[in-house]
Each structure stands twice: as structure tokens, then as C-alpha cells.
Amino acid sequence: MRREKEEILHQENGRGSKWDRQKTGKVSLQFHYWLMVIPGFVWIFLFSVVPMVGIIMAFEDFSPSKGWFGSEWVGLENFEYLWRLSDARRVLKNTLIIAGGKLILNLVIPIIFAILLNEVANLRFKKTVQTIVYLPHFISWVILANIMSNIFGYQGVVNAVLGLFGTEPVVFMGEPDMFRQLLIGTDVWKEFGYGAVIYLAALTSIDPNLYEAASIDGASRWKLIRYITLPSLIPTVVLMGTLSLGSILNGGFDQVFNMYNASVYSTADIIDTWVYRIGLVNVQYSLASCAGLLKSVVSLILISISYFLAHKFADYRIF
Amino acid sequence: MIKNKSLGSRIFMVVNGIILSLLALSCLYPLWYTFCISVSSKEAVDAGQVLLFPIGFNFGSYKLIMRDSAFFSSVMVSLKRVVLGTLLSMTCMILMAYPLSKTKRHFKARNICMWILVFVMLFNGGTIPWYMTVRYYGLIDTIWSLILSGSLPVFNIFLIVSFFRQLPSDLEEAAIMDGAGPWTILWRIFVPCSIPVLATVCLFVSVGYWNEYFQGLLFINTPANYPLQTYIKQIVVKIAADVSYTTEQYQEMTQNSNRALDAAKVFISMIPMLMVYPFIQRYFVTGITLGAVKG
């Protein structure tokens with residue numbers, strides 16, 4: 001035992017650290033480390049990496065019986081076909097509008113909420129509100145879509161309330177003009193509490209002395225928010241904004257898929273739901289994987305750019 | 001915080017309190033509303049009378065569900081999936097996170113592994129190739145398609161890694177001095193010291209498994225093997241995606257369906273979440289802010 005310790009100490013003082021040379025039994029530490037990462041990597045390889053090989057489907061006239069490597073190679077034909085489809089342009093437009101709306105409001109609303117919550121003096125009230133607003137984040141869209149169809153449905157609460165003012169009942173879930181707003185609104189409702197967590201954390205790190213000094217100098221509550229709270233939040237806001245840019249092609253499949261129906265396809269159909277219907281309902285595998293691939297590639301580029309910008313301006317690192 | 005008791009300030013406090021209370025209520029109301037519908041009489045529900053309180057209070061819908069074997073089998077599938085899936089992925093993630101929390105000097109392949117993970121997190125093959133892959137593996141209609149096909153949630157690995165890196169290195173050095181190997185250090189020191197982040201990740205992973213419905217829709221053909229959310233998706237969301245409805249048809253359809261029964265199913269499916277949530281939520285704020293605030 002003693003000799004071992006001395007040996008380790010000796011190594012530490014020498015060229016290599018104790019880490020480089022430490023052996024457990026006869027096998028090196030590197031081997032143990034490898035053993036630890038391998039189960040996870042096998043899993044990731046089988047279900048994330050192998051599907052990437054399947055991308056070749058986009059360049060083939062794929063048929064399941066012939067498989068990935070037996071189907072006929074057609075090059076860029078699928079992409080040309082996709083380019084000519086008016087559906088493709090429609091879903092792209094819908095995706096950009098829906099995702100863009102969500103992106104902006106999911107940035108702004110949580111900030112406002114965090115600032116308002118930060119102004120509350122009663123700690124118990126603050127904690128309770130916080131706990132409650134996180135809740136919708138953890139409920140799935142399958143469940144929420146059903147609840148929403150009850151609330152916004154023909155006999156739902158919203159129509160009952162509107163009825164008090166003499167408005168005719170509206171089928172919100174079937175109204176193309178209102179469906180995007182409904183999607184964006186419900187998504188913001190689901191995520192604002194959870195999104196505020198990060199801003200609340202940033203707010204707690206503001207030096208209380210700043211507020212004290214300013215209020216002694218006679219600054220009003222509004223001025224404290226305007227000149228202390230907001231500027232302290234800016235780095236976090238910029239960081240979150242930049243990082244969210246990568247999701248501009250993400251309309252939120254789970255939400256749209258569970259809430260939409262054929263009467264609102266014109267405004268609610270997004271890339272992902274369209275890919276699902278083309279590929280798995282209409283069995284046009286190649287066309288769907290082609291659209292999916294385009295989306296993945298553009299997203300990857302956008303996310304890389306946003307991470308790069310976040311790294312450059314906010315010193316953000318993923319690891 | 002600030003001793004500013006002017007009239008404007010007081011008005012602000014009151015208005016702010018009201019706004020926040022309304023926001024909080026807006027998050028609770030949909031759940032309460034669903035519960036109200038589930039225990040109200042069918043007539044009251046169809047007439048749209050149920051708004052704030054149950055009308056014609058009865059547990060008829062819940063009694064009906066008690067006799068519904070398809071519902072119970074889907075609950076069992078979901079529970080099995082959550083337990084197996086969470087155990088398996090937590091184990092894999094903790095094991096992966098430990099070597100990856102070392103520097104490149106200590107674990108030579110560390111940076112390569114990290115870049116692979118980043119790439120996998122940001123890029124995917126798309127729905128169709130993924131579906132084909134799972135089909136090739138012959139996992140269709142098995143519980144393993146529900147557990148494995150989602151792959152490992154890479155972001156959570158990063159959360160654990162960044163927490164492990166914050167642990168003081170003295171802990172580990174002391175353990176090495178006492179002759180502990182990497183496995184002992186991981187299970188006896190790192191894991192017990194990282195309960196907040198592990199609880200958070202555990203919450204994310206298990207909620208993820210519990211809420212996932214799409215894999216059930218794609219890979220499961222026998223209704224008896226459906227997880228709960230897929231069952232609900234199939235039963236409740238009746239508005240078929242490939243038919244256009246007029247307002248009248250829509251109206252008729254909603255009247256024919258048993259909304260009270262559906263609401264009861266929806267409410268039951270939320271219960272596990274509502275039960276676990278209060279216990280775990282105190283951990284998760286530390287957990288999430290960890291990854292993002294360090295920048």
C-alpha cells in the first residue's frame with residue numbers, strides 16, 4: 001500500500017501524471033474508460049448513425065423489398081420533383097411562419113414573465129407560481145391536443161365565453177385563418193414557464209447592491225427594471241436568441257400532428273407532418289426522405305452557425 | 001427587496017400579483033377543466049355547460065374505464081417501457097459521462113467522442129430512414145422498439161458531463177490514493193455527489209418515455225402492445241387527418257363521441273406525472289440551468 005502511494009506520488013512529480021500510468025490490476029485505465037463509453041455508443045450507432053446511412057434512399061427509387069443497397073439509383077431526380085411540387089413551397093412557408101412566430105414569442109414572453117416574477121416580494125407566492133407554470137412543459141401534446149380540442153371546441157369554454165357576448169360559436173380547430181395563431185399561442189403557453197427558468201437564474205445573479213444604490217438615489221421601480229434588470233439580462237437573451245435560430249425549420253411536429261386536421265392543411269401543414277404523410281401514409285419513401293434530408297441539412301448548417309456565433313459573442317460552449 | 005412604498009409601487013405590486021396569478025391559473029385550469037368534464041354527466045358536457053365546476057357529478061366514466069382491458073394493457077406497456085427504458089438509458093449515460101468528463105490527457109479519445117455526440121445531436125437521418133432501420137432490425141411490434149428506437153438523448157449526457165466536471169478533483173484523487181478503481185470512483189463518489197443532475201435527467205428521460213406516442217404509432221401493429229399515449233392518440237383524437245370536415249359534420253361528430261370518457265382517460269394518463277412532479281421539481285432547476293448558464 002505504502003509503496004503504491006509512493007509510486008503514484010513519484011509519478012506525479014515526474015514527467016507523466018499519475019493518471020497516465022495508473023493501472024488498475026493489469027488492464028490500463030484507458031481500457032476501462034473505453035468499456036464505459038461503449039454500451040452508449042453501440043446504442044447511438046444502431047439507432048442514430050445507421051439511419052444516416054439510410055439517407056441514400058433520397059437518391060434512389062427505393063423499394064423496401066430491395067433494401068437500401070439494392071434499389072435503383074436515380075441521382076437527384078427526387079430533388080427535382082420536390083422542387084416542382086407546389087405542396088413543398090406551401091409547407092416551407094407554413095413552417096417558417098409557425099416556427100418564426102414561436103421563436104420570437106418563446107423568447108420575449110419568458111423574459112417578461114421572469115421580470116414580473118422577479119419583482120414579487122413574497123417568496124412563497126413566487127415559488128408557487130414558478131412550480132405551477134413549469135407543469136405544462138411536462139405534459140405531452142397528445143394529451144394537450146385533446147384538452148385543447150375540448151377548450152377550443154364547439155362546446156368548449158372559449159365558445160361559451162364568446163357566447164356571452166353574443167358571438168356565434170367558432171370551430172377554432174378547423175379554421176385555417178386562425179389555426180397558426182392557435183398553434184403559436186398554445187405552444188407559448190406550454191413553454192413560457194419552463195423557458196423563464198434560465199432568465200430567473202440570470203436575475204438571481206444580479207448584485208442586490210445595484211438596486212439598493214439606485215433606489216437610494218431615487219430611481220423608480222420602472223427605472224430599476226429599465227436600467228438594471230434589462231441590461232443584466234441582455235447577454236442571456238442574446239445567447240438564447242442565437243441558439244434558437246437553429247430551430248427555424250422546426251415547426252413542432254408533435255404539436256401540429258396532434259392538433260391539425262385536413263381542413264387546416266393549407267395553413268398548418270409543416271415540413272415534418274408533410275414528410276410523415278408523404279412517406280408513411282402515401283408510401284413515397286424516397287420523396288419523403290429527400291424532403292427530410294433537405295430539412296436536416298439546412299437545420300444542421302443553421303445550428304452550426306448559431307453555435308459558432310454564440311461561441312464567438314457569448315463565449316458559449318456545448319462542452 | 002426594495003423599500004419603496006409609494007402609491008404607484010403598490011398598484012404595481014397588486015397588478016403584478018394579479019397577472020401572475022392569472023398566468024398560473026391558466027396553467028392549472030386546463031387540467032381542472034379536463035377533470036370536471038370527466039366527472040360530469042354526458043348531457044351537461046354535450047350541452048357545453050361544464051365550465052368551472054362539474055355538473056351532474058358522477059364517476060361513471062372511471063367505472064367504464066375499470067372494465068376496459070385495452071386501457072389497462074396500454075398502461076402496463078407504458079410502465080414497463082418507462083422503467084426498463086429509464087434504467088437502461090440512465091446506466092448508459094452515467095457510464096458514458098464519466099470518461100467524457102475527463103480531459104483529453106486522461107481519456108485520449110475524449111474529444112473525438114464528444115464531437116461524435118455533438119454531430120449525432122444536431123443531425124439525423126430523418127423519419128423515413130429511421131423507420132426503415134428499426135424495421136430491418138425486426139423490432140416491429142416489440143417493446144424494444146419503444147425503448148431503443150429513440151436512441152440516447154445526447155443533450156442529457158452533456159448535462160451529466162458538465163456536472164461531473166464541476167466536482168472537486170480532490171475527491172477523486174483521495175479515492176485513488178485509497179486504491180479505488182474507475183468503477184468504484186464512479187459509483188461510490190461521482191453518482192452520490194451528482195444527485196441533483198441525475199434526478200433532473202431521470203425526470204427528463206422518464207417523462208420522455210412516458211409521453212412518447214409516435215414510436216408506438218409507427219412500430220406497434222397490435223393494439224394490445226400500444227403504450228398509453230399511443231392508445232389515447234388512437235382513441236381520443238378522432239379527427240382523421242385525411243378527411244375534410246364541414247362545421248356541421250364536426251359538430252355532429254363531437255356530439256356522438258363520449259367526451260366525458262375521453263377526458264377521464266386523459267386525466268388518468270396525467271396522474272403519474274402529477275404525482276412524481278412535486279418531488280422531483282426542486283432538483284430540476286439546478287439541473288437545467290447548469291448546462292446553459294456556465295457560458
Side-chain angles (χ1 to χ4, degrees), chain A residues 5 19 24 29 32-33 36-37 39-40 43-44 47-48 50-52 54-55 57 116 119 121 129 131-133 135-136 138 140 142-143 145-147 153-155 157 160 171 174 197-198 201 211 215 221 239 258 261-263 275-276 279 285 288-289 292-293 296 300 303 314-316 318-319, chain B residues 1-2 4 9 12 16 20 24 27-28 30 34 48 51 92 95-96 98-99 106-107 113-114 118 120 122-130 132-133 148-149 151-152 158 181-182 207 211 213 229 232-233 236 239 241-245 247 250-251 254 266 269 273 281 285 288-289 292-293 295:
Chain A
K5 277 188 194 167
W19 285 103
T24 45
L29 204 55
H32 282 287
Y33 286 161
M36 288 174 171
V37 291
W43 191 348
I44 287 172
F47 292 93
S48 293
V50 173
M52 289 180 198
I55 286 171
M57 287 168 73
L116 288 183
E119 293 297 316
V129 170
T131 309
I132 293 173
V133 295
L135 193 56
F138 293 99
S140 75
V142 180
I143 299 296
N146 175 62
I147 296 179
Y154 202 75
Q155 298 108 341
V157 185
V171 182
V197 171
I198 196 107
Y211 288 109
S215 52
R221 186 182 286 273
L239 176 66
N258 284 299
N261 55 72
S263 44
V275 166
Y276 169 79
Y285 292 125
S289 12
L293 174 63
S296 296
L300 177 68
I303 296 175
D315 198 26
Y316 175 82
I318 326 173
F319 62 84
Chain B
M1 176 169 69
I2 308 143
N4 183 353
S9 173
F12 173 83
N16 189 19
L20 291 174
C27 292
L28 280 184
T34 310
L51 293 179
C92 285
L95 283 177
M96 268 182 117
Y98 175 66
H106 299 145
F107 177 43
C113 290
M114 286 302 251
V118 171
V120 168
L122 302 184
F123 186 73
N124 61 69
T127 318
I128 311 294
W130 171 65
M132 286 297 159
T133 312
L148 297 175
S149 67
S151 197
L152 268 184
F158 288 150
V207 167
N211 281 347
Y213 67 97
Q229 303 278 336
I232 288 183
K233 165 83 186 156
V236 170
I239 311 159
D242 36 57
V243 200
S244 263
Y245 292 109
T247 312
Y250 186 89
Q251 205 179 334
T254 41
V266 164
S269 77
M273 252 296 308
Q281 63 94 18
V285 174
I288 350 171
T289 45
V293 167

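Letters go in sequence order (proteins before strands), and every chain restarts at 1.
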Do B/Phe107 and A/Leu29 come close enough that some side-chain heavy atom pair is under 4.5 Å?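 Contact flag for B/Phe107/A/Leu29 side chains = no.
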Report the option among [options] that has the most heavy-atom pairs separated by less than 4.5 Å from atoms of chain B.
options                                : answer
A/Leu293, A/Val157, A/Ile303, A/Val133 : A/Val157
A/Val129, A/Val275, A/Ile55, A/Leu116  : A/Leu116
A/Gly279, A/Ser289, A/Gly292           : A/Ser289

Tell me, side chain or backbone of A/Pro39 under 4.5 Å from chain B's heavy atoms, or both, or neither? both
Proximal component of A/Ala160, with respect to chain B [non-hydrogen, under 4.5 Å]: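 Only the side chain of A/Ala160 comes within 4.5 Å of chain B.
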Intermediate values then yes/no, side-chain contact (heavy atoms from CB on, under 4.5 Å), B/Thr133 and A/Phe47: CA-CA 8 Å; B/Thr133 312; A/Phe47 292 93; 5.6 Å; no
Go through the steps for B/Lys233 and A/Ile143 under the test side-chain contact (heavy atoms from CB on, under 4.5 Å), then give the verdict. CA-CA 8 Å; B/Lys233 165 83 186 156; A/Ile143 299 296; over 6 Å; no
Closest non-hydrogen atom pair between [X] and [Y], with its separation:
X        : Y        : value
A/Ser140 : B/Gln229 : OG-OE1, 2.7 Å
A/Tyr33  : B/His106 : CE1-O, 3.6 Å
B/Pro129 : A/Pro51  : CB-O, 3.3 Å
B/Pro30  : A/Ile147 : CB-CG2, 3.7 Å
A/Met36  : B/Pro99  : CB-CG, 3.6 Å
A/Glu119 : B/Asn16  : CB-ND2, 3.7 Å

Report the C-alpha separation of A/Val50 and B/Trp130 in whole Å, then their side-chain angles, then the decisive distance to 0.1 Å, and conclude whether the side-chain contact (heavy atoms from CB on, under 4.5 Å) test is met. CA-CA 8 Å; A/Val50 173; B/Trp130 171 65; over 6 Å; no
Measure [X] against the heavy atoms of chain A and call it side chain, backbone, both or neither at under 4.5 Å.
X        : answer
B/Thr127 : side chain
B/Val207 : side chain
B/Phe12  : side chain

For A/Ser48, enumerate each residue passing the side chain to side chain donor-acceptor pair (under 3.5 Å) test, keeping only those at least two apart in sequence or located in another chain. B/Ser151
Between A/Val142 and B/Asn211, is a side-chain contact (heavy atoms from CB on, under 4.5 Å) present by the stated rule, with each step listed? CA-CA 8 Å; A/Val142 180; B/Asn211 281 347; over 6 Å; no
Rounding to 0.5 Å, atoms CG (B/Leu122) and CG (A/Leu300) come to a distance of 6.0 Å
Measure the spacing between CD1 of B/Ile128 and OH of A/Tyr285 and express it to the nearest 0.5 Å.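 Result: 7.5 Å between the selected atoms.
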Name the member of B/Ser269, B/Cys92, B/Gly126 that forms the most heavy-atom pairs with chain A at distances under 4.5 Å.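 Looking at each option in turn, the highest pair count goes to B/Cys92.
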